[in-house]
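Inspection log for the structure reproduced underneath, given as C-alpha cells.
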4 protein chains.
Amino acid sequence: MSDHKRGLILDAARVVFERDGLDGASLRAIAAQAGYTPAALYFHFDSKEALYAEVLGQSIAALKTEVDARVGAAATPQARLTAAALGFFDFYAENPRDLDLGFYLFRGGMRPHGLGRERDMALNAALESVLWPIAEAAEALGAELALARLIMADAFAHAVGVLLLLHTKRIRMFGLAPRALMERYVEAEVEKLLASRTANHADAVHANG
Amino acid sequence: MSDHKRGLILDAARVVFERDGLDGASLRAIAAQAGYTPAALYFHFDSKEALYAEVLGQSIAALKTEVDARVGAAATPQARLTAAALGFFDFYAENPRDLDLGFYLFRGGMRPHGLGRERDMALNAALESVLWPIAEAAEALGAELALARLIMADAFAHAVGVLLLLHTKRIRMFGLAPRALMERYVEAEVEKLLASRTANHADAVHANG
Amino acid sequence: MSDHKRGLILDAARVVFERDGLDGASLRAIAAQAGYTPAALYFHFDSKEALYAEVLGQSIAALKTEVDARVGAAATPQARLTAAALGFFDFYAENPRDLDLGFYLFRGGMRPHGLGRERDMALNAALESVLWPIAEAAEALGAELALARLIMADAFAHAVGVLLLLHTKRIRMFGLAPRALMERYVEAEVEKLLASRTANHADAVHANG
Amino acid sequence: MSDHKRGLILDAARVVFERDGLDGASLRAIAAQAGYTPAALYFHFDSKEALYAEVLGQSIAALKTEVDARVGAAATPQARLTAAALGFFDFYAENPRDLDLGFYLFRGGMRPHGLGRERDMALNAALESVLWPIAEAAEALGAELALARLIMADAFAHAVGVLLLLHTKRIRMFGLAPRALMERYVEAEVEKLLASRTANHADAVHANG
DNA sequence: TATGAATGAGTATTCATTCAT
DNA sequence: TATGAATGAATACTCATTCAT
C-alpha cells in the first residue's frame, strides 16, 4: 500500500525532474504531478533531498543491474573490461535523464553540500561498485592494483566526457557516432594491457632463458 | 564610458560568482558589489542571463589566449597537439570557477539552453576555435580530416571527464594525480598517430619499392 | 483505562512543553512523546487547546496543594498571610514552566481567550481559591472585607510582577534577590495591618474610656 | 517620502498587532493592511523582527515622553517618585495595546531569543531610562543607592503586576479601581522613605547632641 | 481505540524584473 | 544614466485537524 504510493510519487518526481530539470523541479510541481498536496509528500519522504536521493539511488541500481548483467555474460578479462566500460556508457547514452540525475550530484559536489554526508557516501559507494569490474579485469590482465584503479578512473572519465558531448551537442560532432569514441578508447586500453602483458612475458622468458 | 562601466559590472559579477557560487549569485548581490542598484544593471545588460553569457564569453576568451600561447610556442605537430590538449586541461584545473561557469550551461537538463540561439552558437564557435589546434596538429601528423576531428572531440571529452573527476572528488582517486590521467591519454594519442604515420610510410615505401 | 491513557498523554504534553517551550510544542511532538499518532490524541482531547487547558488545570492544582499545605502549618493570621503569599511566589519561582503555562493564557492580547468561557471561569475560580487564604488572614487581622480583598489582589499583583522580573531578566537586578522583594512587600503589608489594628484598638479604648 | 511610507507601514503594523495579537500578526497581514505586497515591506524593513522592534521602540519612546513630562513638573523628590511610578502605570493603563507590545518582549525573554542581542539591549536600556527617576528620587529622599535601585525594581514589578490584573481581568476585582492599588503601593513606599529619613535625622541629632 | 494518509491554510523570505521619476 | 519603490511568483516546509479504515 504505502510502498505503492511511494512508487507513484517517485514516478511523478522522475517525470518532473525530466520536464523541469533538477533545479527547476519544485516540491509543489512534483506533488501536483503525483496528484497530491505538497504537504502529503512529507508523509512519505522526509525532505526534497530525500526524495531526490531515492530517485537517484534507483537510477544507479538500474545502472548496476545492466552493467553487471553484461559483465557476467563476458568470458575473458578483456571482454569483461569492455562490457563494464561500454555498459556504463550505453546505459547513460540510452537513458539521458538518468545522466541528468547523476550529473546533479556532481554539481552538488561543486558546491560542497551534496545530499548530506551519509547519503552522499552511500551513493558514491554504489557508483564505485558499478565500476569495479573494470579494475578487476585490468588486474586479471596483469596490471598492478594501482594501474588497475587508474584505468578504472580513466575509463569513467572518458565515458562521462563523451556522454557530455553527446548530451549537450556543444561540440559539433561532424557526424561522428559518439559510441565510436568510447569504443576506440576502450580498445586502445585493452591493447595497451595486452601488449604490456606480452612484453612482461617476453621479459620473463628472456630472464629465465 | 559605457564600456568601462560594463567592465566594472562584469568584474563585480565574477567576484560574486566566485564568492557565492553560480546558483547563489543574485542580481542584487552583483549590483551591490558593483556599487549599483539592481535596476541599474538593466541599463547595461538585458537580463541576468545576458550578464552570465558575457562573463562566460570572457572566460572562454581567456582560455583561448592561454591555449594559443602554448601552441604558438610549440615547434612540432606533436608538441602542438600536446600543448593544446594539456593547455585546455590546465586552464580549467587551475581555474575551477571558470569550469563552473562552463558547466553551468549544461544545467537544467544540460541542453544548450537559456542563453538564446545566437549567444549559444557564438559560445560554441569560440570553444571550437580553442580546440582546433588539436585537429590541425593531428592532420599535420598525417591523419585524415575526419580522424583529426574525432581526435579533437575525443581529447575534449577526456579532458572534461577528468576535470569533473578532479573537481567533484566523487570517485576516490586513490592518490592519483588527475593531470597524470590526462598526460597518459595525450601521450597514447600521439603515439598512435606516429605509429600510424610510420606504418603508412612503410606501406608507401613498400608500394613504391 | 481511558483516564490512565489521558494521564499518559498529559505527562507527555508536560514533557514537551518543558522541552520545546509552549509555542514550539506541536501536537505531533506531544503525540510522539506519548507513543501515539497525532490523530489518536483527538480521541482523548477535543483540541490542542483542551489539552493545554488540562495541563494548566493540573498545574494550578499543584500550586493549590503547595500553598494550602503551607497555610495549614501556620499558627497565626499573619503567618498564614505570609505563607499564602510567599507560597504562591515560591511555587512559581521554583517551577518556571508552570509560570509559562500561566502566562500563556495572557497571550494574543492577554485577554482571557481561546479556552472558551467555561474553562476560563473554572481556571479563574481555581486561581482565586489558591489566593483566598490571604484575604481570610487579612480579615482575621481586622481588615474589612473590601480591604482584605484588595490586599489579596495586591499581593497577587506584586508576586506576578516580581516573578516576571525574575523570569525574564529584562530589568537588571543589580544582584537583588527577587525573593527579598517579595518578602519586603509582604512584611510591609502585615505591619500595616498590625499597626491599623493597634490604632483601632486604641480608638476603641479611647471611645469607651 | 520614504519616511512617510515607513510611517504608513508602521501604522499598519500597529493595527494588525492590535487586531491579531503579536503572535498572530503575519507579514502578509501587515502588508495587506498597508496596501502592499509582502515583498514590498522588505524594502523598508529588514525583517519582521526589525519591524516589530521599531513599533516597540516608538511605544517606549512615547512612554518616556509621558513619564519625563510628569517628572519634570514635580517639585519635590517624593512628588517625582510618585510621578514616575504612576506615570508609568497610567501610560500602560490608558494604552493597553502598548502593554501588549511590551509584554511580548517578556515572553521573548522567557524563551531566550528576543529580538537579537543588540536590539534587545537597546530596548532594555530605553526601558531602564524611563524608570531611573524613581531611583533618583529615592536617593534624594535619603536612600542608599542599593535601596534606591531596589525600590525602582519593586515599583516596576508592582506596576506590571497590577496592569496584568487590570488587563486580563483574571482576578475578580470586586469593583476595585486598579489605580488605587498602585497609588496605595506608592504612598506606602514614600512614607517608608520619609519615616526612615526622620529616624536617621533623629539619630543624627541624638549623636551630635 | 488507534492509524495511515491526506489536506488546506499558513510561514518568512528571496528572486528577477519593471517602471515612474 | 541611475534610483527608489514595488510586484508577483516562487521556495521548502509545518501546522492542527479530519476521515476512512
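Quick note on labels: first sequence line is chain A, next is B, and so on, each numbered from 1. Given the structure is predicted, the values throughout are model-derived calculations rather than measurements.
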Starting at [atom1] of [X] and ending at [atom2] of [N], how long is that distance when rounded to a whole Å?
| X | N | atom1 | atom2 | value |
| --- | --- | --- | --- | --- |
| Leu8(B) | dA2(F) | CG | P | 10 Å |
| Ile9(A) | dA5(E) | CD1 | P | 10 Å |
| Leu51(B) | dC15(E) | CG | P | 15 Å |
| Leu41(B) | dT1(F) | CG | P | 14 Å |
| Arg6(A) | dA5(E) | CZ | P | 11 Å |
| Phe45(C) | dA2(E) | CZ | P | 12 Å |
| Phe43(A) | dG8(E) | CZ | C1' | 17 Å |
| Tyr52(D) | dA12(E) | OH | C1' | 18 Å |

*If you count the non-hydrogen atoms of other residues, nucleotides and ligands that lie under 6.0 Å from CG in Asp46(B), is the total more than 12?*
no

*What one-letter contact string describes nucleotides 15-21 of chain F from 5' to 3', where B marks a base within less than 4.0 Å of any protein heavy atom, S marks contact via sugar-phosphate atoms alone, and - marks no contact?*
BBBBB--

*Of Ala40(C) and Tyr36(A), whose nearest nucleotide on DNA chain E comes first from the 5' end?*
Ala40(C)

_Presence of Lys5(A) side-chain N/O under 4.0 Å of dG4(E) phosphate oxygens OP1/OP2_ = no

*Should His44(A) be listed as having a side-chain N or O under 4.0 Å from OP1 or OP2 of dG4(E)?*
no

Of the non-hydrogen atoms in [X] and [Y], which two are nearest, and what is the gap between them?
| X | Y | answer |
| --- | --- | --- |
| Ala25(D) | Asp20(D) | N-CB, 4.1 Å |
| Leu127(A) | Ile60(A) | N-CG2, 4.3 Å |
| Val55(D) | Ala13(D) | CG2-CB, 4.1 Å |

*Using both distances under 3.5 Å as the test, list the Watson-Crick or G-U wobble partner of dT17(F), or none.*
dA6(E)

_Sub-4.5 Å side-chain heavy-atom contact between Phe17(B) and Ile30(B)_ = yes

*Are Lys5(C) and Phe43(C) side-chain neighbours, meaning at least one heavy-atom pair lies under 4.5 Å?*
no

*Of the options Glu18(C), Arg14(C), Arg19(C), which is the one that meets Arg97(C) in a side-chain contact (heavy atoms from CB on, under 4.5 Å)?*
Glu18(C)

